Visitor: 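Okay, here's the structure, questions in a sec.
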Amino acid sequence: MIRPENRLKLVWDLGIFLFTVFTAIEIPLELVFGAGMDRRSLLFEIGGSLLFATDIALRFRTAILQNGKWVVDPGRVAAHYLKTTFVVDFFAAVPWTLLVFTLVGPPVTHANGLPDLWSLHTLDLLSLFRLIRVLDFTRRLERDAFINPSTLRLSTLIFWMVLFSHWIACAWYYLQGDGSAALHADNYLRALYFTTTTIMTVGYGDITPKTNPQIIFTIGVQIFGAGFYGYLIGNLASILANIDLIRTQFREKFDKISAFIKYYNLPADLQKRIRKYYTHLWEVRRGQDDAGALSDLPRSLKTEVSLFLNRPIVEKVPFMKDASEEIIRDIVLNLSPVIALPDEVIFQEGERGEEMYFISRGTVEVISADGRTVYATMTEGNFFGEIALILDSPRTATVRASDYADLYTISRKTFDHIIADYPDFAAKIRTLAKERLKEREH
Ligand code: CMP
């Protein structure tokens, strides 16, 4: 059984996709400009059918995902395939033209050299069934590839727009019937130009329908164009807004706070600080509210994400180098982010301590209550606020941020658990706390 993630299978699927797109472009061209059945189109048809037949065979051997589990039992895979896209795939794989050609005879060609659309050649259009594969492929990309969903939607929309335009241009060219059977690039270009101006509802009117069939066709294209254009513009607006969803959401938040600031006419200095804070928030966290963004994930996945994101904060602390995996895990899973502004006092000497802090970015100063003595300056990879927790005493110093400090805290409850569960670690922290206290006394 083949897994869909298998590299070769991916390459195969990509090949089928490209071939399908090629078919979708080639067949209408062949139909309108082609000189009937020749060797090249015959080979193309046989090749395509063989390719699709192989693909059907492969599908019977490709595992499917059901309820999050891979089904590899050939019977169940076959039953599932037969129930879903088998019929369409089968239609797409049959070499229709060749079949009818063999059974009935060669296709009719008009006196003017154009192939008769309603003769056998039209059967080629049945191969367009293969386009269902494009839907398959985009769905697959959405699921497996790390492509921004909005970018993918935009690309898909452009793809269909280009393809539809091509088809309509071919049909328009046919309706014009200028008597030449060979493909004239100039004429095709003109037909494509007519199509885009009509679809986009621009309609310059320099190329206009003359005969009744042309008028009816143009009405059809106009109605389709109005709908499609509306759909396109509506989608484009939402896609463009969503392409950088995080930035859009952040900007909305920022606009809201700006409106609030203006409404209450806050002092200029306060306004400036609030704006600066938001700029910093965007720079360091891309405005992400980690807890909110992940709230829908199941617990196990949330834990993994949290471990991945926060582990470096704890591992940066040299003191934690030899700590066991369990301690690191216990700490990492209980960290909460806090940002301190420049010159903000994080806590005052003498206060009751409720949490311990890890510095992820920025600088803080440990100072005396009056702010005159600086006991220590700490940067990323350091921690503070442990003494009040381990000795169950008031804060032994004031801590102030020197610039924007990105901090993570663990609560007293978590800290007490860790101290109780890991006595070796508790002893180490206690020693360090005593050293720090001693240092202060000098
Ligand atoms: P705590 O007493 O909870 O609050 C103040 C914190 O400053 C203290 O915990 C220590 O983490 C830290 N601290 C106090 N004195 C020093 C020092 N001399 N060197 C480094 N850090 C200190």
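Whatever order the structure lists ligands and atoms in, that order sets their numbers, starting from 1. Reckoned from all heavy atoms, side chains included, excluding hydrogens, waters and symmetry mates. Please read all numbers here as calculations on a predicted model, not as lab measurements. In this chain, numbering begins with 1 at the start of the sequence shown.
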Visitor: For ligand 1, find out whether one of its N or O atoms is nearer than 3.5 Å to an N or O atom of E386.
Guide: yes
Visitor: Relative to the heavy atoms of A376, which atoms of ligand 1 are at a distance of less than 4.0 Å?
Guide: 19 (N), 20 (C)
Visitor: Counting neighbours of OH on Y278 that are heavy atoms of other residues, nucleotides or ligands and sit closer than 6.0 Å, is the number greater than 12?
Guide: yes
Visitor: Going by the atom numbers of ligand 1, which of them fall below 4.0 Å from some non-hydrogen atom of M378?
Guide: 20 (C), 21 (N)
Visitor: Are the charged groups of D269 and R273 less than 4.0 angstrom apart, N to O?
Guide: yes
Visitor: List the closest protein heavy-atom neighbour of atom 16 (C) of ligand 1: residue, atom name, distance to the nearest 0.1 Å.
Guide: R436 CB, 3.9 Å
Visitor: For the residue pair Y81 and F86, does the interplanar ring angle fall in the parallel (under 30°), tilted (30 to 60°) or perpendicular (over 60°) class?
Guide: perpendicular
Visitor: May I ask you to check whether over 12 heavy atoms, not counting those of F90, lie within 6.0 Å of atom CZ?
Guide: no
Visitor: For ligand 1, which atoms sit closer than 4.0 Å to a heavy atom of F384?
Guide: 11 (O)
Visitor: What I want to know is whether P394 and ligand 1 share at least one N or O pair that is separated by under 3.5 angstrom.
Guide: no
Visitor: Quick one: which ligand 1 atoms are inside 4.0 Å of a heavy atom on F347?
Guide: 4 (O), 5 (C)
Visitor: Looking only at N/O atoms, are G385 and ligand 1 under 3.5 Å apart anywhere?
Guide: yes
Visitor: Could you check whether R436 makes a cation-pi contact with F383, meaning its NZ or CZ is under 6.0 Å from the centre of the six-membered ring and within 45° of the ring axis?
Guide: yes
Visitor: Run the salt-bridge test on E325 and R311 with the 4.0 Å N-O cut-off and return the result as yes or no.
Guide: yes
Visitor: Under 4.0 Å from any heavy atom of T396, which atoms of ligand 1 are there?
Guide: 1 (P), 2 (O), 4 (O), 5 (C), 8 (C), 14 (C)
